[in-house]
Participant: 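My structure is below; once you've seen it, I'll send some questions.
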Amino acid sequence: MFYERGVPRPPRLSGAPLKSLARVGRTRAFAIAFDKIMRADLGIDRLARLPDNARLDVPLDTRPHPGRPPRQWHSENLPAATHAWAPTSVSLTTAYREGRLSPHEVVEKVLAEARRLAKLTPTVGPIYDFADEAAFAEADASEARWREGRPLGPLDGVPWVVKEQAAVRGLPRRFGTGFMPATPEPHDSAAVARARAVGAITLGTTPMTEYGMTPNGANANRAMPHNPHAPGHFAGGSSTGSGVAVATGLVPFALGADGGGSIRIPSALNGIFGMKPTWGRVSRSGDIATGTVSHVGPLAGSVLDLAFALETISGYDGDDPQTLAAPQRAPGSFVEAVGRGVRGLVIGVVESEWAHATPAVVRAGKAALDALEKEGAKLVPIRLALAEYAMAIGVVTIGLEARALLRAEWLEHRDEMSADLQVTFASLDGFSAVEYLDACRIRSGMRREMAGAFQSVDLVALPSTVAPAAKVSEGDMRTGFLDTSVIEGLCRFAFLANLTGLPALSAPVGISDNGLPVGLQLVGDAWDEATVLSAAAHLERIGAAMVRRPRVTATII
């Protein structure tokens with residue numbers, strides 16, 4: 001952790017104290033004072049003390065740097081895991097093919113269950129805006145295709161949900177705010193359009209934290225879903241609703257976005273699989289995912305569903321120039337990777353980073369890695385000197401980019417923003433352009449370091465979060481809260497992949513003593529999602545990674 005031994009951590013602020021702080025935040029004196037607190041709490045002050053050899057030139061682009069040419073693997077054609085407790089895309093489409101179930105019946109049940117979950121106390125409702133009419137029309141069209149024996153693919157008739165920052169035709173896109181107008185979007189985002197084109201049924205949009213700027217899953221503008229494994233704990237964010245929708249078994253997969261762990265954090269805390277792809281692998285067109293660290297990607301209840309989803313939404317898009325850098329790959333290669341196995345796989349373990357995780361996280365993560373070693377993988381220790389600074393660089397990067405991108409919103413709607421976001425944005429005004437660019441230079445050094453590591457390893461293994469989901473009060477959830485220790489604990493290991501643009505996946509590898517899920521993070525070389533998927537699929541196949549049934553579930557069949 002970034003705190004010196006014996007120094008107390010700052011208290012969690014919510015409710016009236018947080019609102020008072022937001023009001024005081026209008027003064028220049030406060031901005032300077034809170035800026036100093038944030039710099040110390042999140043380790044940002046340490047960046048200036050790094051030696052010059054940690055830095056390279058200011059990056060001219062955000063393309064990921066591969067460590068070596070694409071790996072060539074021989075697939076063992078192993079079967080996908082079949083022990084999922086909730087319906088998967090395979091189980092649903094098999095039922096459609098055999099006439100035991102129809103897409104219309106599934107959609108009807110899912111929408112009813114989503115509304116039931118929303119009425120629970122505390123709420124576990126994962127859908128914010130519903131698309132009933134469009135979903136039933138798509139379900140009926142899918143049903144006709146299955147009846148005629150001409151489905152569009154493995155996701156035809158499979159329900160899914162979309163984080164509310166991505167455009168969904170006919171639904172508002174409000175980014176977790178309370179002031180954006182409820183104007184229906186005229187077009188789908190690129191990812192939604194591609195899923196719709198293969199028959200996936202979009203049920204609605206899921207609630208997120210405001211502008212995705214906090215990873216805790218609380219948002220004063222929404223009735224945010226609690227953790228279905230323990231409703232007295234938060235579900236993480238910012239793709240909160242998407243994570244809960246999958247964890248409860250409501251849908252086999254969902255769309256999220258990840259600027260500092262916002263896919264992997266809710267995946268880890270809710271005990272599901274989630275992947276941030278390589279930078280440029282999935283188009284961000286029609287999504288608020290902007291800046292240099294935000295990626296669009298899937299969350300799922302199985303690795304095969306994760307692969308199906310990534311296969312569907314990835315690829316070149318003329319409306320997103322960042323997709324130009326993606327190399328050609330064989331269609332179906334992500335799905336094929338699920339059966340590859342792990343023989344000969346070399347996994348780098350950064351012990352200095354594992355030392356920052358709690359015993360429950362270390363125990364579950366190391367057990368999963370040991371299981372892979374018994375299956376033919378090789379574990380090797382590696383050193384990443386700059387990894388411990390990823391959190392600080394990430395906060396500077398995503399914070400200042402968001403502050404600049406939301407300049408007009410800050411000027412016109414500051415009073416309507418949640419108090420925690422007001423405090424955060426006010427504190428960011430204390431940073432200079434020189435500090436941002438210096439962080440960019442260290443980020444370039446980090447990309448060089450990671451590329452060097454991947455010259456000798458195939459994956460890097462890290463915890464997904466420092467600890468399982470923490471407790472949260474109803475008051476904190478209603479008003480939102482500010483807690484730098486929570487931010488650090490959730491994002492501590494996530495920013496490394498965002499800053500380097502490398503693919504990273506969280507796999508559910510165990511539970512803590514009080515029954516909360518624990519995630520293992522696997523980071524791959526640039527454009528090598530296939531290797532990440534193959535390792536996660538083998539963990540799932542041998543039972544070392546498993547999506548467990550939570551206390552609160554949906555019944556859709």
Participant: Looking only at the side chains, is there a donor atom on one of N219 and R478 sitting less than 3.5 Å from an acceptor on the other?
Facilitator: no
Participant: Is the backbone of P87 close enough, under 3.5 Å, to the side chain of S91 for a donor and an acceptor to pair up by distance?
Facilitator: no
Participant: Does the side chain of L120 reach to within under 4.5 Å of the side chain of V552, using non-hydrogen atoms?
Facilitator: yes
Participant: Can you list the residues that meet the side chain to side chain donor-acceptor pair (under 3.5 Å) rule with E113, with sequence neighbours excluded?
Facilitator: R116
Participant: Where do G260 and A494 come nearest, in terms of heavy atoms and distance?
Facilitator: O-CB, 3.4 Å
Participant: Compare every heavy atom of P159 with every heavy atom of V110, then report the nearest pair and how far apart it is.
Facilitator: CG2-CG, 4.3 Å
Participant: Can H226 and F234 be said to form a ring pair (Phe, Tyr, Trp, His ring centres under 6.0 Å), step by step?
Facilitator: CA-CA 5 Å; H226 290 60; F234 56 64; 9.9 Å; no
Participant: How about D258 and N498: does a side-chain donor come under 3.5 Å of a side-chain acceptor?
Facilitator: yes
Participant: Which is it for L255 and V161 under the side chain to side chain contact (heavy atoms under 4.5 Å, CB included) test, yes or no, and what are the steps along the way?
Facilitator: CA-CA 6 Å; L255 188 68; V161 290; over 6 Å; no
Participant: Any chance you could lay out the salt bridge (charged side-chain N to carboxylate O under 4.0 Å, His left out) test for D132 and R115, step after step, and finish with the verdict?
Facilitator: CA-CA 12 Å; D132 297 62; R115 289 183 165 96; 3.0 Å; yes
Participant: Please determine whether side chain to side chain contact (heavy atoms under 4.5 Å, CB included) holds for the pair F493 and L496, giving the CA-CA distance in whole Å, both sets of side-chain angles, and the decisive distance to 0.1 Å.
Facilitator: CA-CA 6 Å; F493 307 113; L496 182 64; over 6 Å; no
Participant: Please answer whether the main-chain N or O of P331 pairs with a side-chain N or O of E311 as donor and acceptor at a distance below 3.5 Å.
Facilitator: no
Participant: Would R329 count as a cation-pi partner of F334, with NZ or CZ less than 6.0 Å from the six-membered ring centre and within 45° of the ring normal?
Facilitator: yes
Participant: Applying side chain to side chain contact (heavy atoms under 4.5 Å, CB included), run through V106 and K109 and close with a yes or a no.
Facilitator: CA-CA 5 Å; V106 169; K109 187 66 173 177; 5.9 Å; no
Participant: Answer yes or no: is there an ion pair linking E185 with R169, defined by an N-O contact shorter than 4.0 Å?
Facilitator: no
Participant: Judged by atom type as modelled, is there a donor-acceptor pair below 3.5 Å linking the side chain of T209 to the main-chain atoms of A218?
Facilitator: no
Participant: Do the side-chain N and O atoms of W73 and T531 include a donor-acceptor pair separated by under 3.5 angstrom?
Facilitator: yes
Participant: Whether the side chain of S242 engages the backbone of S239 through a donor-acceptor N/O pair (distance < 3.5 Å, no angle test) should be reported.
Facilitator: no
Participant: Would you say T93's side chain and V90's backbone share a donor-acceptor pair under 3.5 angstrom?
Facilitator: yes
Participant: Compare every heavy atom of A135 with every heavy atom of I201, then report the nearest pair and how far apart it is.
Facilitator: CG2-O, 3.6 Å
Participant: Under the salt bridge (charged side-chain N to carboxylate O under 4.0 Å, His left out) definition, can you give me all pairs with a residue in residues 457-466, not counting sequence neighbours?
Facilitator: R68-D458, R71-D458
Participant: How about R63: does its CZ atom have over 12 heavy atoms from other parts shown lying under 6.0 Å from it?
Facilitator: no
Participant: Could you walk me through whether R194 and D188 pass the salt bridge (charged side-chain N to carboxylate O under 4.0 Å, His left out) test, one step at a time?
Facilitator: CA-CA 9 Å; R194 287 178 174 176; D188 287 328; over 6 Å; no
Participant: Determine whether the side chains of S506 and S464 contain a donor N or O and an acceptor N or O closer than 3.5 Å.
Facilitator: yes
Participant: Is any side-chain heavy atom of T177 closer than 4.5 Å to a side-chain heavy atom of M180?
Facilitator: yes
Participant: Would you call K366 and W354 a side-chain contact if the rule is heavy atoms closer than 4.5 Å?
Facilitator: yes
Participant: Any salt bridge between R222 and E210, counting N to O under 4.0 Å?
Facilitator: no
Participant: Working to the nearest 0.5 Å, report the span between NE2 of H83 and OG of S302.
Facilitator: 9.5 Å
Participant: Report yes or no: do E138 and T202 form a side-chain donor-acceptor pair below 3.5 Å?
Facilitator: no
Participant: Are I347 and V457 side-chain neighbours, meaning at least one heavy-atom pair lies under 4.5 Å?
Facilitator: no
Participant: Side chain of N270, backbone of A235: donor and acceptor closer than 3.5 Å?
Facilitator: yes
Participant: Rounded to the nearest 0.5 Å, what separation is found between the OG1 atom of T205 and the CZ atom of F175?
Facilitator: 11.0 Å
Participant: Which one of I556, L155, V246, D305 satisfies the side chain to side chain contact (heavy atoms under 4.5 Å, CB included) criterion with P252?
Facilitator: D305
Participant: Side-chain contact, heavy-atom cut-off 4.5 Å: W85 with V547?
Facilitator: yes
Participant: Do H229 and R551 get their side chains close enough for a donor-acceptor pair, meaning under 3.5 Å?
Facilitator: no
Participant: For the atom pair CG (D420) and CG (L482), what is the distance rounded to the nearest 0.5 Å?
Facilitator: 6.5 Å
Participant: Under 3.5 Å, is there a donor on one side chain and an acceptor on the other for E164 and T206?
Facilitator: no
Participant: Is it true that the side chains of K163 and S238 contain a donor and an acceptor less than 3.5 Å apart?
Facilitator: yes
Participant: Side chains of T278 and L502, heavy atoms from C-beta outward: is any pair under 4.5 Å?
Facilitator: no
Participant: So do the side chains of L269 and L516 get within less than 4.5 Å of each other, counting heavy atoms only?
Facilitator: no
Participant: Looking at D528, is its backbone amide N or carbonyl O close enough to the side chain of D525 to form a donor-acceptor pair, meaning the two atoms are under 3.5 Å apart?
Facilitator: no
Participant: Any donor and acceptor pair, going by atom type alone, linking the side chain of W146 with main-chain N or O of D156 inside 3.5 Å?
Facilitator: yes
Participant: Does a side-chain heavy-atom distance below 4.5 Å link M391 with I487?
Facilitator: yes
Participant: Between F273 and L299, does the side chain to side chain contact (heavy atoms under 4.5 Å, CB included) criterion hold? Intermediate values first, please.
Facilitator: CA-CA 6 Å; F273 295 94; L299 303 86; over 6 Å; no
Participant: Do R264 and Q521 pair up side chain to side chain, a donor and an acceptor below 3.5 Å, judged on atom types alone?
Facilitator: yes
Participant: Measure the spacing between CD of E105 and OH of Y96 and express it to the nearest 0.5 Å.
Facilitator: 9.0 Å
Participant: Let me confirm one number: the CZ-CG distance from R447 to L499, rounded to the nearest 0.5 Å.
Facilitator: 9.5 Å
Participant: State whether the side chain of R541 and the backbone N or O of V338 hold a donor-acceptor pair below 3.5 Å, judged by distance alone.
Facilitator: yes
Participant: Supply the atom-to-atom distance H538 NE2 to L345 CG, rounded to the nearest 0.5 angstrom.
Facilitator: 10.0 Å
Participant: Once salt bridge (charged side-chain N to carboxylate O under 4.0 Å, His left out) is applied, what residue pairs with a partner in residues 269-292 remain, sequence neighbours excluded?
Facilitator: R281-E529
Participant: Looking at Q165 and Y211, would you say the former's side chain and the latter's main chain have a donor-acceptor pair under 3.5 Å?
Facilitator: no
